[in-house]
Amino acid sequence: MSSDLASQLSLDHGGTILLAVMDGVGDIPIPEFGGLTPLEKARTPNLDKLASAGALGQHLPVGRGITPGSGPGHLSIFGYDPVKYLVGRGALAALGIDFKLQHGDLAARINFCTLDSDGIVLDRRAGRISTELCIELVAALKPISIPGVEVFVEPVKEHRACVIFRGQGLSEGIHDTDPGLVGEKPLEITASAPGAELAVEAVSEFVRKASLILKDKSPANGLLLRGFALHEDFPTLTDLFKLNPAAVALYPMYRGVASLAGMEQYSSEPADLDGEVQAAKKALMDGRDFVFLHHKYTDSSGEDGDHKRKVAEIEKFDRAVPGLLDCGFDVICITGDHSTPCPMKLHSWHPVPVLIHGGPQRTGWSGRFTEREAAAGALGTFNGDELMPLMLAAAGRLAKFGA
Ligand code: ZN
């Protein structure tokens, strides 16, 4: 509701906004830290300063008790209803490598894997083969043709690639073929919903031909398919909020979700946080009024259960804050797309701290950017898709509702 109304009230002028996402930043108390969370344990002088000069709150990416993937987590903070706009990882992977998906394309992620002589999965990632080998394998699969359906195979990174089927009447109602564990055969291609007959036929034909091409290769002699997703036209942030948006992200999946939202991609040189800050600055100088910047490694360290590394990643982000301030955005928002508590080694449903700096704010309520202070902050607890209206309002980009 809030973002629909915000869409109607949005103005095509006003301040500029930076949305910096520390992926999976939210956490829970860590026993080894005496019950502090990584955000509380980290030394973050720059974030602390920003917290007291801005306002804190916490968002629920999808809803109470719901654990989101990174796709819905990001769409939510971009102002989309994450339940209505559900996007499969296959489509995100394809968009992330700048493949121009068309309306009705069916995309899936490929994992090259190692099979034994009976076709049993020995390694679901084929020992994380090099990206060079991935490109070679993809080149071998590119000639595959299927009557009535165009097929595109594209490399992503290491053992990951993606396949896109283009044709009339395809459907995403197909189960993954990845058994999810070793010691099993890849699963048959089966429909998960009615009306997927054409898609099942096309995908089965592709897998049959691909298996013949791969069977004598080593170490990757098989493939697993996951995340079938049909690409449908998607309103952009320009359509919804009259923004001219850009994205700076190092990983394909986040570039994918950003390009769904209509963000122009800016690449960072070097491919690290400093490069990302420079790219954000360039986007602003190019006249972009909304820039999304993604920091991945807070999530990876959470998923590895490495609380010390998560602290280090938060501190690394903190050191980038002065550079972000120097860019000259009117409003800076710092948050995460979900929580990834180290003790869980998984995404979780816990609310995510939010900091908004710039515009008229109830400042001085908070002194640090932490879960505890965010829960008591001036912005309160809100749904993830209400973050966009809050950022737009801070930037003076929302008109008054009613007379
Ligand atoms: Zn994430």
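All ligand and atom numbering here is 1-based and tracks the order in the structure. By convention here, the first residue in the shown sequence is residue 1.
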2.8 Å cut-off met by an N, O or S atom of T340 to the Zn ion (ligand 1): no
Metal proximity, H338 vs the Zn ion (ligand 1), N/O/S cut-off 2.8 Å: yes
L284, N244, D330 screened by side chain to side chain contact (heavy atoms under 4.5 Å, CB included) with D289, the one that passes: N244
Atom name in D23, limited to N/O/S, at shortest distance from the Zn ion (ligand 1):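 The Zn ion (ligand 1) is closest to the D23 atom OD1, counting only N, O or S.
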Atom of D337 nearest the Zn ion (ligand 1) (restricted to N/O/S, atom name only):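 It is OD2 of D337.
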Between T236 and D239: side-chain donor-acceptor atoms closer than 3.5 Å: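 D239 and T236 do have a side-chain donor-acceptor pair below 3.5 Å.
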Modelled atom types, side-chain donor and acceptor of Y266 and K282, under 3.5 Å: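 Per modelled atom types, Y266 and K282 side chains form no pair under 3.5 Å.
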R372 atom CZ, neighbour heavy-atom count above 12 within 6.0 Å: no
